[in-house]
Structures are given as C-alpha cells and as structure tokens.
Amino acid sequence: MTGIKPAVRPARPFFSSGPCAKRPGWTPEALKGAVLGRSHRSKAGKEKLKAAIDRTRELLRIPMNYRVGIVPASDTGAVEMALWSLLGPRPVDIFAWESFGEDWVTDTVKQLKIKDARTFKADYGKLPDLGRADPDHDIVFLWNGTTSGVRVPNGEWIAEDRQGLTICDATSAVFAQALPWDKLDVVTFSWQKVLGGEAAHGMLVLSPSAVARLESHTPPWPLPKIFRMTKGGKLVEGIFEGETINTPSMLALEDYLDTLQWAEDIGGLDELMARADRNLAVLMEWVRGSEWAAFLAEDSHTRSNTSVCLKIVDPWFAKLSAEAQAEAAKKLASLLEKEGAALDVGAYRSAPPGLRIWCGATVETSDLEALTPWLDWAWAQVKAG
C-alpha cells in the first residue's frame, strides 16, 4: 500500500452497479435511429420492440417455446409482476442473502401473505442452504446477489422433475453468467445492468409451465393493470410480440438495440461472459496481494463476476466503531470519485462497509487494471487521515 498518487486513471471510471457503464465506444449518435414522436404501436415501433425481444432470445439462447416480453418498471416490476400473478397455488420457498432477496420475502410474506411460505436466509457474503428447496414448492431466488456479490454456482440444486415453478431474479447475471433455462420457469432482468442500457424497462421470460400457471390460476388479490398478463383465462400473447402493456421509451429501446448489436459484434454470449470473467480476474489478483481488502464472497465458486463486493479487513479498521467504519468506507468511495478514478463504488447502504465494483462486460479490463493502484492509494489516505 502506497501514499504515492498513481499517474494513470481509468479511461472510463464508470464502475456503478446500476445503471452500469455504457458499452465501449458509445455516443449519443447511437440513438439516431430511434422511432421518436410516433406511437409505440405503430408498425415501425412494434418492429423495433419485436426485434429487441427476438435478439434477446437469440443472444441469451432462450428456448423457442419460452415467452420473452418487455414489461414496465425495470427488473423490480418484472419480478413483482411474476410474484403477484403466479404465487398462491403451492407453498413457496424463498432464498434471500442480500437486500433485493429480502424485498421478495416482503412481497411474498407480508404483502401477498402466502401462508405456506418458508424463508431461507444467509448473511451478506454467504448463500443459504439451497438443498432445502422442495421440488413440490414454488421457489423464489436471485441468481446473482447484486448487493452482496454472491451468486448461485449452478442449477444442480433445482429438481428436474419439480412440480413447482422456479422464479429467478437474474438481473445482474444475464449476459455474464450461464443460465440453465430448463431449470428456470420465470427469469427477470433489466436493460441497465450487464449491457449498460437505460433504466425503466424490465424483461420477463416465461417457460411453458409458467404460462400454464397463468392460464389456470386466478390470484385472490387485485392485480394492477401493469401486472395483467391474461385475459379471459388466456395469455395476452401480444405482450411477448412487442405490444407492451404501457408506453415504453423508444429512446431507451434504441439504446438497448444498439448494445445488443455491440454484443453480437464482439462474439455474443460467450465473449460477454469471458469479458466479465477477465474483469473479475483483475480484482482477484489484486486482492491476493492486498493487506486491507478481501472479497465479501469468500467462496470463489459463489463469487459474482459482475457486482464484485469488497470488505475491509485492515486491523486498524476492525478496531473502529460501526459508525466509524461506515464513515471510513464512505470517505474511501468519495475520495476515489473526487479523483476521477472510480464513480459510484460505495457498498450498498445495507451491506457491510466496503466497496462494490461493477465488472460486467461493458467495463474494460484495462480500466480495472488502472483502478487497483488507486484503491491502494485511496485507502492509504483514509487510514492516514
């Protein structure tokens, strides 16, 4: 650790965990083809929306018998749309190990008041016991814990002959981690995570089993208009053909299409995942030699390659009060931002004090390599102060 200020800053210091860095080379010129000033239900508008759905399916290798739709309110809207529309007929197992998982616990237990709900929790940095999932129950979980840096290692714990549905919030996992689609009945994500798109829109992917549940189950609670996916007991197919429930931003849509094009051009899903893995590798190498920082996710098999969370392990820091620890971590992130070395890298407000550095595919490995000396410099300043 050194007090000498590094000479080179990251060319793009954008390490926010959402909205995330734009794709390399992005400029506002990328939006010039947007269908603006026209209805999203026009022929041109629907063609753009349908293209986003079709290209998402192809890039993520989603099975052709799964429905893919664009829905309101980002990933949160997509998850709640699924929970409020599908839960009720079976007991529910919910797995939570960070803040957003806790949100889905709240929806299920406190808002929907599912009586036969079992909650399995773990502290930040760890996974709950996934082996306790009952194949006869519906299962709600995140694939990647954005605020904890802990991800599910695989889908082996999900039974192939399950009777319940698996509802997976995959917003910081898609485009960076391999998803076993045959084990997932509902998958949700947003545009502003791994591909660095703009906010406000969610994606909802439904298996045939999820569609069958929608068409056979009528929730006992009222459903807002933006949650309604069926009419007369049948799926509203238009939602999955580009006829959105409410008005989408055609500007944000154009931005998503542009980023899909970039992803296709660089080699598709394999290269997107490889870029995130290479980015994580930079921080892994740095952490190995660090005297003050460690991964919040100690198990490398469950460590995220997108939302990488670091904890502070310096003995000096450990002796501070909880309030002083939070203040020191805040000063660390603020100093990095002031120097233009890293923007928006503070740990999530309910997570342990530390840093959260986005390593998804739109971040350049060279920028992470330039960042690590700044991390050491900034910590030296905080500790000295």
Side-chain angles (χ1 to χ4, degrees), residues 15-20 74-76 78-80 82-83 92-109 119-133 139-158 166-180 183-184 186-190 192-194 202 273 276-277 279-280 283-284 287 293-311 329 344-361 363:
F15 302 108
S16 164
S17 292
C20 302
S74 192
D75 176 64
T76 300
V79 174
E80 295 196 318
L83 298 181
V92 182
D93 290 345
I94 319 164
F95 294 89
W97 57 93
E98 51 91 79
S99 59
F100 289 100
E102 290 283 359
D103 287 340
W104 311 146
V105 170
T106 297
D107 270 21
T108 304
V109 176
T119 301
F120 303 96
K121 297 183 181 182
D123 293 334
Y124 275 88
K126 303 181 185 303
L127 273 180
D129 183 1
L130 300 175
R132 298 187 67 183
I139 302 170
V140 178
F141 71 104
L142 300 95
W143 194 271
N144 186 92
T146 308
T147 64
S148 70
V150 176
R151 66 174 169 179
V152 173
N154 52 55
E156 294 176 5
W157 57 281
I158 301 172
T166 50
I167 301 175
C168 175
D169 174 355
T171 196
S172 54
V174 290
F175 303 111
Q177 299 165 19
L179 299 182
K183 296 292 187 76
L184 305 175
V186 180
V187 174
T188 69
F189 57 95
S190 65
Q192 75 262 31
K193 290 293 185 183
V194 182
M273 294 191 293
D277 286 344
N279 288 343
L280 172 61
L283 293 183
M284 288 178 66
V287 166
F295 290 108
L296 188 57
E298 296 178 0
D299 184 349
S300 62
H301 293 98
T302 62
R303 186 177 299 147
S304 172
N305 63 348
T306 56
S307 55
V308 180
C309 297
L310 301 172
K311 60 183 177 181
D344 309 319
V345 293
Y348 192 73
R349 58 182 177 268
S350 60
L355 298 174
R356 182 169 57 145
I357 301 171
W358 186 257
C359 288
V363 172

Can you name the nearest heavy-atom pair linking [X] to [Y], along with the distance?
| X | Y | answer |
| --- | --- | --- |
| Leu142 | Glu98 | CD2-OE2, 3.4 Å |
| Val345 | Phe15 | CG1-CB, 3.6 Å |
| Ser304 | Gln177 | OG-NE2, 4.0 Å |
| Tyr124 | Ser350 | OH-OG, 2.8 Å |
| Arg356 | Tyr348 | NH2-CD1, 3.8 Å |
| Trp143 | Gly155 | CH2-N, 3.8 Å |

Item to complete: Using side-chain contact (heavy atoms from CB on, under 4.5 Å) as the criterion, point out the one residue from Thr146, Asp75, Asn144 that pairs with Lys193.
Response: Thr146

[X] [atom1] to [Y] [atom2] distance, which is reported to the nearest 0.5 Å:
| X | Y | atom1 | atom2 | value |
| --- | --- | --- | --- | --- |
| Asp93 | Leu130 | CG | CG | 11.0 Å |
| Met273 | Asn305 | CE | CG | 9.0 Å |
| Phe141 | Ile94 | CZ | CD1 | 13.0 Å |
| Asn279 | Ile357 | CG | CD1 | 11.0 Å |
| Asp344 | Leu355 | CG | CG | 12.0 Å |

Does the [X] side chain pair with the main chain of [Y], one donor and one acceptor, at a distance under 3.5 Å?
| X | Y | result |
| --- | --- | --- |
| Thr166 | Lys183 | yes |
| Trp97 | Ser148 | no |
| Asp107 | Glu80 | no |
| Thr171 | Ser190 | yes |

Fill in: side-chain hydrogen bond (donor to acceptor under 3.5 Å, both in side chains) assessment of Ser307 paired with Ser172
CA-CA 7 Å; Ser307 55; Ser172 54; 4.5 Å; no

For a 4.5 angstrom cut-off between non-hydrogen side-chain atoms, does [X] reach [Y]?
| X | Y | result |
| --- | --- | --- |
| Leu184 | Ile158 | yes |
| Pro153 | Leu127 | yes |
| Trp358 | Val308 | no |

Worksheet item: Checking Arg303 against Phe295: charged group under 6.0 Å from the ring centre and within 45 degrees of the axis?
Response: yes

Response to the item:
With Trp104 as partner, the option from Thr119, Asp169, Thr76 fulfilling side-chain hydrogen bond (donor to acceptor under 3.5 Å, both in side chains) is Asp169

Discussion item. Check this for me: Asn154, atom CG, are more than 12 non-hydrogen atoms of other residues, nucleotides or ligands nearer than 6.0 Å?
Written reply: yes

Worksheet item: Are Glu102 and Lys121 within salt-bridge range, i.e. N to O under 4.0 Å?
Response: yes

Practice prompt. Please lay out, stage by stage, how Asp129 and Phe120 fare under the test side chain to side chain contact (heavy atoms under 4.5 Å, CB included).
Written response: CA-CA 7 Å; Asp129 183 1; Phe120 303 96; over 6 Å; no

Discussion item. Set out, in order, the CA-CA distance, both residues' side-chain angles and the distance that settles side chain to side chain contact (heavy atoms under 4.5 Å, CB included) for Trp157 and Ile139, then state yes or no.
Written reply: CA-CA 11 Å; Trp157 57 281; Ile139 302 170; 4.1 Å; yes

